[in-house]
Amino acid sequence: MDKKKLVLASDHAGFYLKNALVKMFTEAGYDVIDCGTDSDASCDYPVFAEKLCNTINSGEAELGILCCGTGIGMSMAANKVKGIRAACCSDIFSAKFTRLHNDANVLCLGARVVGEGLAWELAECFVTTPFEGGKHARRVGLIHDIENKQ
Ligand code: RB5
C-alpha cells in the first residue's frame, strides 16, 4: 500500500504527543510535514489548525493529524476551513469509520484524553483506512454543499 503524505501540528498541550507521532510516522517510512508548534510554551490552537489545513488544501499533504488538550478545539477550528473534514476520535471504531464513511482528512487527538500508545493506534488506523466511496461520496458532497451555501 502506498503511504499517504502526512502533516501534523499541535498547540502546547499536544506538543509532546505531536512530536512522538512525527517520530513514529517518520520511522514507519511516511513523509511527514511538521507545522509546529515548536515548544511547550502556551500558544493558540486555531493558528496551528489553520496552518495544517492550508497544507492539505495546497496538496502538500493528503491527511493531517492535530493534537491539542482535548482534540475538540482543533477539530472546531479545522472544520471551519473549506474542504476540511476533521474528526476528533478517541476510539478505534470512530477513527476507522470516519475514513470509511466520511472521508475525513484530519484526525484530531486529545493529548489529555488518550495516551501515546492509543494515539498511535488511532493515527495508524486513520492513515491506512481507505474511503469506501459510493453512497458515502454523495453524503460527503452534501456536507460540502452546506459549506458552499454559507
Ligand atoms: C489548552 O489549554 C487547551 O484549551 C487546548 O489544548 C485544547 O484542548 C482546546 O480545545
Side-chain angles (χ1 to χ4, degrees), residues 3-28 30-129 131 136 139-150:
K3 290 183 165 143
K4 294 191 159 63
K5 276 199 106 180
L6 306 179
V7 54
L8 279 83
S10 74
D11 69 354
H12 54 287
F15 173 65
Y16 294 107
L17 178 59
K18 181 263 293 173
N19 284 357
L21 293 174
V22 166
K23 186 168 182 280
M24 290 190 263
F25 276 117
T26 304
E27 285 173 1
Y30 285 83
D31 262 345
V32 181
I33 299 171
D34 183 345
C35 282
T37 185
D38 298 325
S39 80
D40 61 6
S42 182
C43 63
D44 299 327
Y45 60 84
V47 173
F48 293 93
E50 189 177 13
K51 280 187 189 179
L52 177 138
C53 293
N54 289 342
T55 304
I56 291 176
N57 281 341
S58 70
E60 292 166 84
E62 197 175 333
L63 295 176
I65 299 173
L66 285 166
C67 306
C68 66
T70 58
I72 296 171
M74 283 295 201
S75 64
M76 287 181 172
N79 278 316
K80 296 293 178 196
V81 180
K82 234 179 173 174
I84 297 299
R85 296 173 302 280
C88 180
C89 301
S90 52
D91 67 276
I92 293 290
F93 183 86
S94 301
K96 180 176 176 182
F97 276 81
T98 199
R99 286 286 310 127
L100 287 172
H101 287 188
N102 313 127
D103 198 17
N105 49 12
V106 177
L107 173 69
C108 301
L109 298 170
R112 295 172 181 161
V113 181
V114 298
E116 215 174 275
L118 177 55
W120 171 248
E121 294 296 319
L122 293 164
E124 205 189 22
C125 171
F126 183 81
V127 304
T128 56
T129 302
F131 177 45
H136 301 294
R139 292 166 184 165
V140 169
L142 290 170
I143 293 177
H144 291 291
D145 287 350
I146 297 172
E147 187 174 71
N148 291 326
K149 280 189 271 183
Q150 298 307 303

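Both counts, for ligands and for their atoms, begin at 1 and track the order of listing. From a predicted model like this one, the values you see are computed outputs, not experimental measurements.
Not a single protein heavy atom sits closer than 4.0 Å to atom 4 (O) of ligand 1.
Residue Tyr45 has no nitrogen or oxygen atom sitting less than 3.5 Å from a nitrogen or oxygen atom of ligand 1, judged on distance alone. Residue contacts with ligand 1: Gly73 is placed with a nitrogen or oxygen under 3.5 Å of a nitrogen or oxygen of the ligand (distance criterion only).
Summarising the geometry, atom OG belonging to Ser75 is positioned 9.0 Å from atom OH belonging to Tyr45; distances are rounded to the nearest 0.5 Å.
Scanning the protein heavy atoms around atom 8 (O) of ligand 1, the nearest turns out to be Thr70 N, 2.9 Å. Asp11 OD2, 2.5 Å is the protein heavy atom nearest to atom 6 (O) of ligand 1.
Relative orientation of the Phe97 and Phe93 rings is parallel, given thresholds of 30° and 60° on the angle between their planes. Note: His136 and His101 have parallel aromatic rings, judged against thresholds of 30 and 60 degrees for the angle between ring planes.
Contact atoms of ligand 1 toward Gly69: 5 (C), 6 (O), 7 (C), 8 (O) (distance under 4.0 Å to a heavy atom of the residue). Contact atoms of ligand 1 toward Ala13: 6 (O) (distance under 4.0 Å to a heavy atom of the residue). Counting the atoms of ligand 1 from 1 in the order shown, those under 4.0 Å from a heavy atom of His12 are 1 (C), 2 (O).
Open room surrounds NZ on Lys23; 12 or fewer heavy atoms of other groups in view lie less than 6.0 Å from it. More than 12 heavy atoms of other residues, nucleotides or ligands sit less than 6.0 Å from atom CG of Asn54. Surrounding CE of Met24 are more than 12 heavy atoms belonging to other residues, nucleotides or ligands, all under 6.0 Å away.
Residue contacts with ligand 1 include Arg112, since one or more of its heavy atoms lies under 4.0 Å from the ligand.
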CA sep, side-chain torsions, deciding dist, call: Ile143, Glu147, side-chain contact (heavy atoms from CB on, under 4.5 Å)
CA-CA 7 Å; Ile143 293 177; Glu147 187 174 71; 5.9 Å; no
